[in-house]
There are 2 protein chains.
Amino acid sequence: MANIKDVAERAGVSVATVSRVLNGLSPVAATRDRVLAAVAELGYRPNNVARALRTARTGALGLLIGDLTNPFFTELADAVEDEARSLGYSLVIGNAGESPQQQDDHIRTLIDRRIDGLLVSSAGTGSPVLREIAAAGTPLVLLDRAVDGLDVPCVRADGRAALADLAAHFAALGRRRPAIIVAPAGTRTGADRLRFFREALRPYGIELPDERVGSTPDLQPTGGRRVMRGFLDLPEPPDAVLATDNLMALGAMDEIRARGLRVPDDVALVVYDDVPWFRHTDPPLTAIAQPTRELGRAAVHTLLERIEGRPAESVLLPARLVPRRSCGEAGPHSHRSHHDRGHHDNERGSA
Amino acid sequence: MANIKDVAERAGVSVATVSRVLNGLSPVAATRDRVLAAVAELGYRPNNVARALRTARTGALGLLIGDLTNPFFTELADAVEDEARSLGYSLVIGNAGESPQQQDDHIRTLIDRRIDGLLVSSAGTGSPVLREIAAAGTPLVLLDRAVDGLDVPCVRADGRAALADLAAHFAALGRRRPAIIVAPAGTRTGADRLRFFREALRPYGIELPDERVGSTPDLQPTGGRRVMRGFLDLPEPPDAVLATDNLMALGAMDEIRARGLRVPDDVALVVYDDVPWFRHTDPPLTAIAQPTRELGRAAVHTLLERIEGRPAESVLLPARLVPRRSCGEAGPHSHRSHHDRGHHDNERGSA
DNA sequence: TTGTCGCGTGTAATCGATTACTCGCGTTGC
DNA sequence: GCAACGCGAGTAATCGATTACACGCGACAA
């Protein structure tokens, strides 16, 4: 592959001149044309590795996501990439597979590669490595998932209002026994969602007792299904379930269907993250939609502020409730007793 | 950030010695311990940019995929990443967004970054850039999508046998008016799937006329839905539809449901690519499963052969039919046939 | 004419690692 | 006792770019 020296020789100038022409610092048309001609003839492309070594800038951002096969994260990654590209950066995506250890591994690798900045949707609670690189001054921004005690800007969605709307929605539809499936204990995100939901229900006199709070160690369908199984085995099973991650919701749906129960007739289901797939299920699922693409964009901008040495603030964007049919329709017959599970076939074809 | 010189000073040795210790070329315990102590105290990490410049190896592979939000590609990417990591490489994922131009952009960027080799799931037909870098000798392997006239190893699935099984399946269930939704004309993959399917149907005396061949420019639900609309408006609508991409199948399902029709009663539906989501639909969809993770693994190995200068062959792995309930009564009510989980996956997917 | 200034280029240092070559010292063999 | 050999470790070249500094030439003013 041709290097800058080859170009210089061919154009009959020095390497410095070539560099200057390529960086737009040489206003002289005559030499510029000669250089550009040589570049074209040789198919020369600057070696980014060498350039990065000299300038201490790679032009790459890192993004660490929890799970590459989780559509929420891929939409996020897609948005981040779009934004980064449009601002002249390229993006290196690291997939933690929801494993803190693999996440640390990735962070190390990215830092060793000297990316200019890092976005982290952290798996689990904050790792020592994360603290270490934050302390070392690497531009760092948290995305979607906050980490307690880490003094770093965080870009995420605020679900408070949406959860309040959901509580109202449940109340209006006569759902009195809600349940929630949350991510592993100890993560800030899961704890927040639980707390906000519980607080939102209180004004309506609706309880969210611990027996209807289920948590899974992994954000996977398996975990969601297991929790739902526990819920449905309760003496008083819930009549509405909020899954705080889309993959867990998927597992929950499986369990509901496997028991021959129906959504929303027997149990309402709401999913956190409005991934496209849930618009295609039967019935379409009511969702709490995070402004995924905006989050991605905001995160990139915040990170660039940090990279350019400016202080950067955390960003909170509102999530909103997207009501679909999985909680039933509001209407006169929306109160039902908990005894008649599975005997409601005639109630279904409303609209 | 500490560099090798700092370590050398602290340990009272030369930089060469530090380098040798870190690369395991210095067997003397005394100096090694001193160096390692200095490394630990300073928290030194080798600068990969400098190392890459000197050694002309970055230890990174590139993967270009068609669409980051398509679960087939993310599963593929996940598998490629796992394998690359386990072999000591890191992976840079580029998302073409199914746009040839963005794909070319990405390839350029990756080459400029001097990745050691590139895997490409090409969008559209082969681009000039692809030919150019192949000619320039960059280790290159095509993944999933072949490109005509490009003399480069290709790792992909062979759907012939699975499509033959599907034809038999249709015949056994009395489906006599099949249809197919294919990717844009001009792509090798789409053309192959159409041809093999048609050939497979012939022995059973089943026709696949052009009016029941629909193609969409984009691999998106919208396109699938539009094609399905056309099918259902035919005087003789199909009684079985094969969608050759999972997102198109999703759109097709929407249209079926929007008309109040039922799967499989009114129309059977089969999807190419067995992404986890379709195991959770109602009914679970019969699928042609590509050995996604194996494809990823094989692609990495093939690429490494090329990187190490050995000649490498193309790889064809068999796809298989996974009958579920979306074509009507198959064999034993397939909660999960033994085909359902081909490999020693982690617990992703249904429980 | 001569000194100065400006400007376009070239020379060479630099980024942080790897590695060929060299040097010096200790051991061994004759 | 001296030469040769082995081996550990240092010196310095190198990768391909950027960029501070120096230089030389033409223009312009005195």
Side-chain angles (χ1 to χ4, degrees), chain A residues 1-39 42-60 88 108-116 136 138, chain B residues 1-39 42-60 88 108-116 136 138:
Chain A
M1 214 172 276
N3 62 20
I4 198 173
K5 217 160 143 190
D6 300 329
V7 175
E9 265 169 36
R10 178 135 194 156
V13 297
S14 74
V15 293
T17 300
V18 175
S19 174
R20 278 187 287 251
V21 166
L22 263 36
N23 291 295
L25 304 172
S26 183
V28 180
T31 53
R32 195 182 56 219
D33 291 349
R34 283 226 311 287
V35 170
L36 293 182
V39 165
L42 294 170
Y44 167 76
R45 310 234 75 210
N47 182 329
N48 229 303
V49 174
R51 189 206 295 259
L53 176 59
R54 181 60 233 253
T55 61
R57 288 193 59 257
T58 53
R108 280 262 135 81
T109 309
L110 291 170
I111 298 295
D112 290 353
R113 289 231 139 73
R114 296 298 191 272
I115 46 157
D116 294 339
T138 308
Chain B
M1 214 170 277
N3 62 22
I4 199 172
K5 217 160 143 189
D6 301 328
V7 175
E9 264 169 38
R10 177 137 196 152
V13 298
S14 73
V15 293
T17 301
V18 176
S19 174
R20 279 187 288 249
V21 167
L22 264 36
N23 291 296
L25 304 172
S26 182
V28 180
T31 53
R32 195 183 56 219
D33 291 348
R34 284 225 310 289
V35 169
L36 293 181
V39 165
L42 294 171
Y44 167 76
R45 309 233 76 212
N47 183 328
N48 229 303
V49 174
R51 190 206 293 261
L53 176 59
R54 181 59 233 251
T55 62
R57 291 194 58 256
T58 53
R108 279 263 136 79
T109 309
L110 291 171
I111 298 296
D112 290 353
R113 290 233 137 72
R114 297 298 192 270
I115 48 157
D116 294 339
T138 308

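Being a predicted model, the structure only gives us computed values, none of them experimental. Naming: A, B, ... by sequence-line order, numbering from 1 per chain.
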Separation between CG (A:N47) and CG (A:L53), nearest 0.5 Å, reads 10.0 Å
Return the CZ to CZ distance between A:R113 and B:R113, rounded to the nearest 0.5 Å. 11.0 Å
Test of understanding: with side-chain hydrogen bond (donor to acceptor under 3.5 Å, both in side chains), list the residues that count as partners of [X], not counting sequence neighbours.
X	answer
B:D112	A:R45
B:D116	B:T58
B:R114	none
A:R51	none

Test of understanding: with side-chain contact (heavy atoms from CB on, under 4.5 Å), list the residues that count as partners of A:I115, not counting sequence neighbours. A:A60, A:L110, A:L118
What residues form a side-chain contact (heavy atoms from CB on, under 4.5 Å) with A:R32, not counting sequence neighbours?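 A:V21, A:A29, A:L36.
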Do B:I4 and B:S19 make a side-chain contact, defined as non-hydrogen atoms from C-beta onward lying under 4.5 Å apart?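 In short, these two side chains touch, coming nearer than 4.5 Å.
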Using a 3.5 Å cut-off and no angle test, enumerate the donor-acceptor pairs between side-chain atoms of residues 9-18 of chain A and protein atoms at least two apart in sequence or in another chain.
{"from": "A:R10", "atom 1": "NE", "to": "A:E41", "atom 2": "OE1", "distance (Å)": "2.5"}
{"from": "A:R10", "atom 1": "NH2", "to": "A:E41", "atom 2": "OE1", "distance (Å)": "2.8"}
{"from": "A:S14", "atom 1": "OG", "to": "A:A16", "atom 2": "N", "distance (Å)": "3.4"}
{"from": "A:S14", "atom 1": "OG", "to": "A:T17", "atom 2": "N", "distance (Å)": "3.4"}
{"from": "A:S14", "atom 1": "OG", "to": "A:T17", "atom 2": "OG1", "distance (Å)": "3.4"}

Under 4.0 Å between a side-chain N or O of B:N3 and OP1 or OP2 of C:dG16?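 For C:dG16, OP1/OP2 do have a side-chain N/O of B:N3 under 4.0 Å.
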Is B:S19 near enough to C:dA17 that one of its side-chain N or O atoms lies under 4.0 angstrom from OP1 or OP2?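 B:S19 to C:dA17 OP1/OP2: no side-chain N or O under 4.0 Å.
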So B:N23, base contact, sugar-phosphate only, or nothing? Heavy-atom distance under 4.0 Å. sugar-phosphate
Whole-Å gap separating [atom2] ([N]) and [atom1] ([X]):
X	N	atom1	atom2	result
A:L53	D:dC15	CG	C1'	9 Å
B:M1	C:dC15	CE	P	16 Å
A:R54	C:dA13	CZ	C1'	8 Å
A:K5	C:dG10	NZ	P	15 Å
A:L22	D:dT18	CG	P	7 Å
A:R57	D:dT19	CZ	C1'	16 Å
A:N48	C:dC15	CG	C1'	15 Å
B:R45	C:dA17	CZ	P	12 Å

Partners passing salt bridge (Lys or Arg N to Asp or Glu O under 4.0 Å) against A:D6 (at least two apart in sequence or in another chain): none
For each nucleotide in nucleotides 5-10 of chain D, reading 5' to 3', give B when a protein heavy atom comes within less than 4.0 Å of its base, S when such contact involves only the sugar-phosphate, and - otherwise. ---SBB
Pairs involving residues 18-31 of chain A, ordered by first then second residue, that meet salt bridge (Lys or Arg N to Asp or Glu O under 4.0 Å) (sequence neighbours left out):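 Output for this query is empty, none listed.
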Through what angle, rounded to 10 degrees, does the axis of the helix from C:dT1-D:dA30 to C:dC30-D:dG1 turn between its ends, using five pairs per end? 60°
Using only modelled atom types and a 3.5 angstrom limit, is any donor from either the side chain of B:R51 or the base of C:dT18 paired with an acceptor on the other? no
N/O contacts under 3.5 Å, protein versus nucleotides 23-25 of chain C?
none

